[in-house]
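Worth knowing before you read on, the calculation uses all heavy atoms, side chains too, and leaves out hydrogens, waters and symmetry mates. Just so it is clear: chains get the letters A, B, ... in the order the sequence lines come, proteins before strands, and each one is counted from 1.
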Amino acid sequence: MRRISEPTTPRASAESPASLFSGESRYGATSTDLQSIACYPRAPMRWSQSFLVTLREVPGDAEVVSHQLLYRAGLVHKLAAGIYSYTPFGFRSLRKMTEIVREEMDAAGALEVDLPILQPKELWVESGRWDRYMNEGILFHLKDRKDAEFALAPTAEEAVTDMVRRSVTSWRQLPFNLYQIRTKFRDEIRPRFGLLRGREFLMKDAYSFDIDQKGLDAHYKKMDGAYRRIFDRCGLEFAVVQADSGAIGGSASEEFMVVADTGEDALVFSDAGDYGANIEKAMTGKLPEPWAGEEARPFGEANAPTPGITTTEGQAKHLRTTPARIVNTMIYEAVGADGKARLAAVLIRGDLDINEVKLPKAIGALHVRLASEEILRKVTGTRPGFVGPLGLLPFEENPISLFIDRSLEHGANLWCGANREGLHHSGVSIARDVMSQPAFASVVEIATAREGDPSPMGAGTLHIKRGIEVGHIFKLGTKYSESMKCEVADQNQKMVPLAMGCYGLGLGRTIAAAIEQHHDDVGIVWPVPLAPYACVVASLQRDAAVLAAADKLYEELKAAGVEVFYDDRDERPGVKFKDIDLVGFPVRVVVGGKGLARGVVEVSTRRERKASEIAPDRVVEVVKRTLAAGATTLAV
RNA sequence: CGGGGCGUGGCGCAGUGGUAGCGCACCUGCUUUGGGAGCAGGGGGUCGCCGGUUCGAUCCCGGCCGCCCCGACCA
């Protein structure tokens with residue numbers, strides 16, 4: 001069999017934001033004028049013939065700005081929780097996003113496919129994800145008339161792996177990267193924030209297949225570059241951070257985050273510029289140790305009563321010390337690969353929090369949860385607030401393992417709960433008193449990074465921002481190819497599982513994120529590449545001269561290839577201004593009686609909202625130049 | 001799934017044991033026309049669904065459904 005793919009050279013046009021306007025659109029815009037605003041989709045439209053309904057008031061269920069503006073600007077409608085319809089205007093933005101993604105994926109050599117969303121349960125059982133996703137309750141599933149079960153897929157690893165394993169038999173057919181842009185389903189425990197967390201959503205997902213890790217690394221890097229270009233072209237401020245790979249599995253994984261205060265994820269960045277990670281994954285450098293240089297006092301020398309004081313802060317105050325010197329001991333139930341639950345005592349400095357995403361990996365568990373108070377009492381004899389690492393009783397005949405956060409490794413002169421109501425031990429030294437316990441004990445890194453902590457890279461301080469996850473790339477490795485036996489013969493005729501990568505990108509979510517990042521108090525300020533229309537022409541009066549001039553400008557802009565919308569409604573000027581601001585056309589052309597009498601019309605950008613008077617015969621030129629420059633300021 | 005809240009016209013809300021109202025939007029007419037106009041006249045709601053109590057339920061009670069927020073959870 002022949003090679004399935006050839007290396008593809010990225011098109012030069014994909015390098016710059018201007019490429020959206022390059023006339024090279026695959027959808028028939030054949031203009032050779034590189035300045036022309038030949039965005040896809042380009043069909044011009046009059047408001048009077050359109051389907052655009054704006055709202056003055058915000059529907060009660062919209063909490064975040066993007067959701068409110070998507071509603072008010074008439075871009076989406078909710079059908080059910082987390083399920084949205086796109087109106088013609090909203091869909092135009094989505095199509096533009098789709099087209100940008102498609103262009104960059106194609107340019108990166110990926111091949112577009114179309115995989116079923118309705119997938120047989122057997123495939124999911126084979127990969128091991130059926131149980132996992134069912135346990136999490138996030139898999140939409142249904143039965144056919146014969147009672148066979150199907151999933152409505154949230155991702156397509158199984159489907160694509162199945163297709164590949166049936167077709168590919170030799171390393172010579174590799175590598176390739178298959179992608180699709182399709183609706184996905186996830187029965188979110190709690191859909192929210194409009195398009196930001198839906199149950200039905202448009203996602204681009206790509207899956208790369210290589211004979212070895214080296215090939216995977218190359219694909220991963222290529223996708224990283226494609227994603228950067230995509231979000232650059234969308235005019236978004238984004239960050240790439242290290243991420244936890246979660247239920248998808250695999251080794252390396254990075255998230256593309258649009259920086260926005262309303263983001264659901266907390267991100268950690270070093271001000272030295274060399275580190276960024278999702279807080280779920282973030283490490284910290286070595287924290288200052290208050291006990292540094294101190295001589296370890298004897299254990300229990302000054303045990304102190306802490307009657308009824310269960311908070312770390314309260315105890316620190318009562319014991320005349322700082323939270324950093326109090327050891328918090330948390331008892332977790334940890335489920336291992338064998339499906340059995342064991343107990344683990346996790347020790348952390350009182351001024352730090354345990355990161356429950358990092359914890360399971362650090363202690364070799366699949367899943368952890370805090371032990372119930374009932375279990376806690378059984379093994380400690382006390383209640384939360386007074387638990388300590390010393391003298392824990394075995395649970396179901398298994399001694400409780402101790403896991404000590406790295407920040408405590410050298411700790412001395414600490415306080416910890418005495419496993420007795422209202423009592424704390426003094427003079428605790430981790431090495432001397434805790435590591436010497438008969439139970440298994442080890443040092444792990446499971447603290448949640450904090451604002452101001454030192455960077456793990458050595459130099460720099462960590463800062464926390466919030467972000468919206470718009471893309472996530474993973475090195476899956478052989479997780480799926482092994483479980484689903486997707487193997488080919490290598491040069492030595494040895495059957496090897498393929499090295500896979502998986503690359504997701506949320507399109508609707510990116511639209512919402514763009515609005516979160518680009519809006520003001522009167523409406524959306526679209527980045528030009530995502531705006532439903534690049535330009536709007538508005539007539540202010542019904543006066544014949546005004547209408548004639550506006551009509552003419554609309555026709556001229558249209559003829560010049562500008563993606564223009566014409567507000568020809570019989571509305572008062574104020575209504576038009578408010579609507580136009582709300583919907584966020586990057587460039588606005590206003591034709592009014594007063595200006596027209598003096599031979600001018602007004603042109604302004606949405607970003608600046610400062611109108612300049614322009615002679616009608618210069619409008620096309622000014623609009624095109626302004627759009628080509630990104631419409632931040634008017635190019636007169 | 002735990003906690004809280006809400007379902008009344010397209011949107012935002014008020015209200016009552018005697019079968020429903022306000023603002024915006026909508027329709028008609030007149031006036032108006034540079035930042036969500038004014039006047040006049042109109043249309044539109046089985047008050048989420050089912051059951052119960054009652055002479056009578058939108059209102060009280062029970063159940064269900066839907067939606068939102070917080071938490072847990074989470075490509």
Side-chain angles (χ1 to χ4, degrees), chain A residues 53-64 67-68 71-72 74 77-83 129 132-133 135-139 153-157 184-194 196-199 201 203-207 243-250 253-257 264-265 278 280-281 356-357 367-370 468-476 479 501-506 509 521-523 538-543 546-547 569-582 588 590-597 600-602 604 609 611 613:
Chain A
V53 182
T54 59
L55 297 177
R56 278 195 197 192
E57 287 177 283
V58 182
D61 60 0
E63 190 76 5
V64 297
H67 196 191
Q68 294 176 350
Y71 270 151
R72 287 196 56 215
H77 285 282
K78 185 172 73 185
L79 190 63
I83 302 176
R129 283 209 298 174
R132 172 153 199 175
Y133 276 59
N135 283 340
E136 290 174 7
I138 57 174
L139 192 63
T155 62
E157 281 82 358
K184 304 293 189 302
F185 296 87
R186 246 182 92 90
D187 193 0
E188 287 288 349
I189 296 166
R190 190 175 155 207
R192 57 182 142 183
F193 302 148
L196 289 174
R197 181 163 292 273
R199 296 193 292 172
F201 51 95
M203 183 170 118
K204 186 281 302 174
D205 49 325
Y207 307 89
D244 180 77
S245 54
I248 296 285
S253 121
E254 282 168 295
E255 289 168 333
F256 286 74
M257 292 283 188
E264 288 188 280
D265 291 278
N278 191 308
E280 293 178 344
K281 168 95 174 179
E356 292 192 359
V357 177
H367 192 73
V368 297
R369 65 160 181 259
L370 274 175
I468 298 163
E469 180 189 350
V470 288
H472 200 156
I473 58 178
F474 301 80
K475 289 183 185 175
L476 291 175
K479 179 180 153 93
C502 134
Y503 318 94
L505 194 157
R509 187 183 267 194
D521 52 356
V522 294
S539 55
L540 290 195
Q541 294 89 18
R542 286 162 65 198
D543 175 87
V546 169
L547 286 178
R569 293 174 301 169
D570 180 15
E571 285 288 354
R572 297 172 60 81
V575 173
K576 293 194 174 190
F577 288 139
K578 294 286 186 196
D579 274 339
I580 287 168
D581 286 343
L582 175 61
R588 186 186 86 178
V590 168
V591 182
K594 288 180 188 170
L596 210 54
V600 295
V601 299
E602 288 168 19
S604 58
R609 291 214 293 149
E613 296 191 334

Sticking with atom [atom1], work out how far [N] lies from [M], rounded to a whole angstrom.
N: C65(B); M: C22(B); atom1: C1'; answer: 29 Å
N: U8(B); M: U19(B); atom1: C1'; answer: 13 Å
N: G66(B); M: C49(B); atom1: C1'; answer: 10 Å
N: C6(B); M: C74(B); atom1: C1'; answer: 26 Å
N: A57(B); M: G51(B); atom1: P; answer: 12 Å
N: C1(B); M: G44(B); atom1: P; answer: 42 Å
N: C47(B); M: G21(B); atom1: C1'; answer: 12 Å
N: A20(B); M: G63(B); atom1: P; answer: 29 Å

With a 3.5 angstrom cut-off on both distances, give the Watson-Crick or G-U wobble partner of [N], or none if there isn't one.
N: C59(B); answer: none
N: G29(B); answer: C39(B)
N: U53(B); answer: none
N: A20(B); answer: none
N: G7(B); answer: C65(B)
N: C47(B); answer: none
N: G2(B); answer: C70(B)

Test for a donor-acceptor pair under 3.5 Å between the base of G36(B) and the side chain of E571(A), counting only N and O atoms.
no
Looking at R72(A) and G36(B), is any side-chain donor or acceptor paired with a base atom of the opposite kind under 3.5 Å?
yes
Minimum side-chain heavy-atom gap [X]-[Y] below 4.5 Å:
X: F577(A); Y: V590(A); result: yes
X: E469(A); Y: F256(A); result: no
X: L196(A); Y: I468(A); result: yes
X: K78(A); Y: Y71(A); result: yes
X: D581(A); Y: R609(A); result: yes
X: L596(A); Y: V601(A); result: yes

Looking at [Y] and [X], is any side-chain nitrogen of the basic one under 4.0 Å from a carboxylate oxygen of the acidic one?
X: R192(A); Y: E63(A); result: no
X: R72(A); Y: E57(A); result: no
X: E571(A); Y: K576(A); result: no

Under 4.0 Å, counting only non-hydrogen atoms across every strand here, what does [X] touch: a base, just sugar-phosphate, or nothing?
X: E356(A); answer: sugar-phosphate
X: D579(A); answer: base
X: A80(A); answer: sugar-phosphate
X: E602(A); answer: base
X: V53(A); answer: nothing
X: R509(A); answer: nothing
X: R588(A); answer: base
X: G595(A); answer: base

So if I take every side-chain heavy atom of [X] and compare against [options], which nucleotide ends up nearest?
X: R572(A); options: G34(B), C68(B), U32(B); answer: U32(B)
X: R192(A); options: C24(B), C69(B), G35(B); answer: C69(B)
X: I189(A); options: G34(B), G36(B), C1(B); answer: C1(B)
X: E57(A); options: A25(B), C11(B), C74(B); answer: C11(B)
X: R186(A); options: U33(B), A72(B), C74(B); answer: C74(B)

Select from E188(A) and P59(A) the residue whose nearest nucleotide in RNA chain B is closer to the 5' end of that strand.
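Counting from the 5' end, the first nearest nucleotide belongs to P59(A).
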If you find the nucleotide of RNA chain B closest to R542(A) and the one closest to K576(A), which residue's nucleotide is nearer the 5' end?
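So the residue in question is R542(A).
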May I have the distance from [X] (atom [atom1]) to [N] (atom [atom2]), rounded to whole angstrom?
X: L370(A); N: G2(B); atom1: CG; atom2: P; result: 19 Å
X: D570(A); N: C30(B); atom1: CG; atom2: P; result: 13 Å
X: F193(A); N: C67(B); atom1: CZ; atom2: P; result: 17 Å
X: L540(A); N: G36(B); atom1: CG; atom2: C1'; result: 14 Å
X: I468(A); N: C74(B); atom1: CD1; atom2: P; result: 21 Å
X: L582(A); N: G35(B); atom1: CG; atom2: C1'; result: 13 Å
X: R199(A); N: G66(B); atom1: CZ; atom2: C1'; result: 11 Å
X: H77(A); N: C67(B); atom1: NE2; atom2: P; result: 17 Å

Would you please confirm or rule out a distance under 4.0 Å between OP1 or OP2 of C68(B) and any side-chain N or O of K78(A)?
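So the side chain of K78(A) is within the cut-off, an N or O lying under 4.0 Å from OP1 or OP2 of C68(B).
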